[in-house]
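If you're wondering where the values come from, they're calculated on a predicted model, not measured in any experiment.
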Amino acid sequence: VTIGLPKADVVTIYRAQWINGDEIALSGFTKDASKLWIARMSDGTLREAITLSTSVNWNSDKMWRVGLVGVDESGNVVTQNVKNNSGIIEFRYPESLEVFSTDDMPKNVMSYVMSQSRSAMVNDAGVLTTWFGNGDPQTVEGQFVWAN
C-alpha cells in the first residue's frame with residue numbers, strides 16, 4: 001500500500017509506529033506546529049492530522065520533547081508534550097486521539113519509547129531504563145550516547 005503523506009517541504013515526519021494490525025501513527029513537524037497522523041493500510045488513507053503543540057515546530061530546539069511515544073498495552077496512542085515547560089505523557093483514545101489521561105515525564109529524558117507493555121527510556125546522562133507494564137524499572141549497565 002502506498003499512502004500519500006504531505007510533501008517534505010510542508011511536513012517533516014519524525015517517528016512512525018504500528019498502533020494495531022492496520023494502522024500506523026506518524027508524528028512530525030510543520031513550520032507552525034507538531035502534529036500526529038494515523039495512516040490506515042486497509043484503505044490507504046491518512047486521517048487528518050491533530051495538533052500536539054503549536055509552541056514546538058520544525059524550527060524549535062529540543063523537538064524530541066513533543067511527539068509519538070508509542071502504544072500502551074490497551075492499544076491507546078501515547079504521546080509526549082510540553083506543558084508549563086515540563087514534559088508530560090499523554091494517553092489518547094486510538095479512534096479520536098483525544099487525551100484521556102496525562103502523567104509527568106521524568107526530568108532530563110532524551111528518548112522514551114513504549115510498545116504495548118514494554119517501555120524504554122534514556123536520560124541525558126546516557127542511562128537506559130527499561131520496564132514491563134507497571135513493573136519495576138531496570139537500569140541497564142553502561143551509558144548510551146545520542147548523536148545530535
Side-chain angles (χ1 to χ4, degrees), residues 1-133 140 143-148:
V1 171
T2 301
I3 295 178
L5 299 175
K7 295 190 182 287
D9 62 344
V10 175
V11 171
T12 299
I13 300 296
Y14 183 71
R15 185 180 233 164
Q17 182 173 340
W18 287 98
I19 59 173
N20 58 47
D22 188 35
E23 295 177 313
I24 298 174
L26 305 151
S27 66
F29 303 93
T30 68
K31 65 183 174 82
D32 300 317
S34 52
K35 303 213 177 235
L36 181 71
W37 296 262
I38 302 294
R40 183 173 292 127
M41 300 300 107
S42 59
D43 59 11
T45 60
L46 184 68
R47 289 181 10 198
E48 184 175 338
I50 64 158
T51 298
L52 298 175
S53 173
T54 56
S55 63
V56 178
N57 58 48
W58 67 23
N59 292 316
S60 299
D61 290 337
K62 301 181 181 178
M63 291 187 310
W64 49 264
R65 295 181 68 191
V66 176
L68 181 65
V69 169
V71 179
D72 69 10
E73 62 272 12
S74 299
N76 299 305
V77 176
V78 183
T79 56
Q80 63 187 32
N81 214 328
V82 179
K83 182 177 182 182
N84 300 329
N85 210 24
S86 293
I88 61 169
I89 300 294
E90 302 167 319
F91 294 87
R92 298 171 176 272
Y93 295 115
E95 291 304 316
S96 67
L97 297 177
E98 179 181 335
V99 175
F100 67 85
S101 179
T102 62
D103 199 1
D104 292 333
M105 173 79 87
K107 296 207 181 296
N108 304 321
V109 170
M110 296 294 289
S111 175
Y112 183 23
V113 178
M114 183 182 293
S115 180
Q116 297 174 341
S117 62
R118 298 173 299 176
S119 298
M121 184 176 2
V122 178
N123 70 17
D124 61 357
V127 176
L128 171 64
T129 304
T130 63
W131 64 97
F132 293 91
V140 178
Q143 289 189 331
F144 299 84
V145 178
W146 293 98
N148 291 327

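- Asn57 is not listed as a side-chain neighbour of Ser34, based on a closest heavy-atom distance of 4.5 Å or more.
- For the side chain to side chain donor-acceptor pair (under 3.5 Å) test, residues two or more places apart in sequence or in another chain that qualify with Ser55 are Ser53.
- Residue pairs satisfying the salt bridge (charged side-chain N to carboxylate O under 4.0 Å, His left out) criterion with at least one member in residues 75-98, sequence neighbours excluded, are listed as follows: Glu90-Arg92.
- Distance check, rounded to the nearest 0.5 Å: CG of Leu52 to CZ of Phe29 gives 8.5 Å.
- Going from atom CG of Asn81 over to atom CD1 of Ile89 covers 9.5 Å, rounded to the nearest 0.5 Å.
- How far OG1 of Thr79 is from CD1 of Ile88: 7.5 Å, rounded to the nearest 0.5 Å.
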Q. When you look at Arg65 and Val56, which way does the side-chain contact (heavy atoms from CB on, under 4.5 Å) test go after all the steps?
A. CA-CA 9 Å; Arg65 295 181 68 191; Val56 178; 5.9 Å; no
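- Applying the side chain to side chain donor-acceptor pair (under 3.5 Å) test to every pair with at least one member in residues 19-33, sequence neighbours left out, gives these pairs: Asn20-Glu23, Asp22-Ser42, Glu23-Arg40.
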What side-chain donor-acceptor pairs closer than 3.5 Å can you find for residues 1-14, not counting sequence neighbours?
none

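- Between the CG atom of Asn76 and the CG atom of Leu97 there is a distance of 10.5 Å, given to the nearest 0.5 Å.
- Under the side chain to side chain donor-acceptor pair (under 3.5 Å) criterion, Asp43 pairs with Thr45, not counting sequence neighbours.
- More than 12 heavy atoms of other residues, nucleotides or ligands sit less than 6.0 Å from atom CG of Asn59.
- Note that CG of Leu26 is 11.0 Å distant from CZ of Arg47, once rounded to the nearest 0.5 Å.
- Nearest heavy atoms, Trp37 versus Ala49: NE1-CB, 3.1 Å.
- Listed by first then second residue, pairs satisfying ring-ring contact (aromatic ring centres under 6.0 Å, His included) with a partner in residues 56-87 number zero, not counting sequence neighbours.
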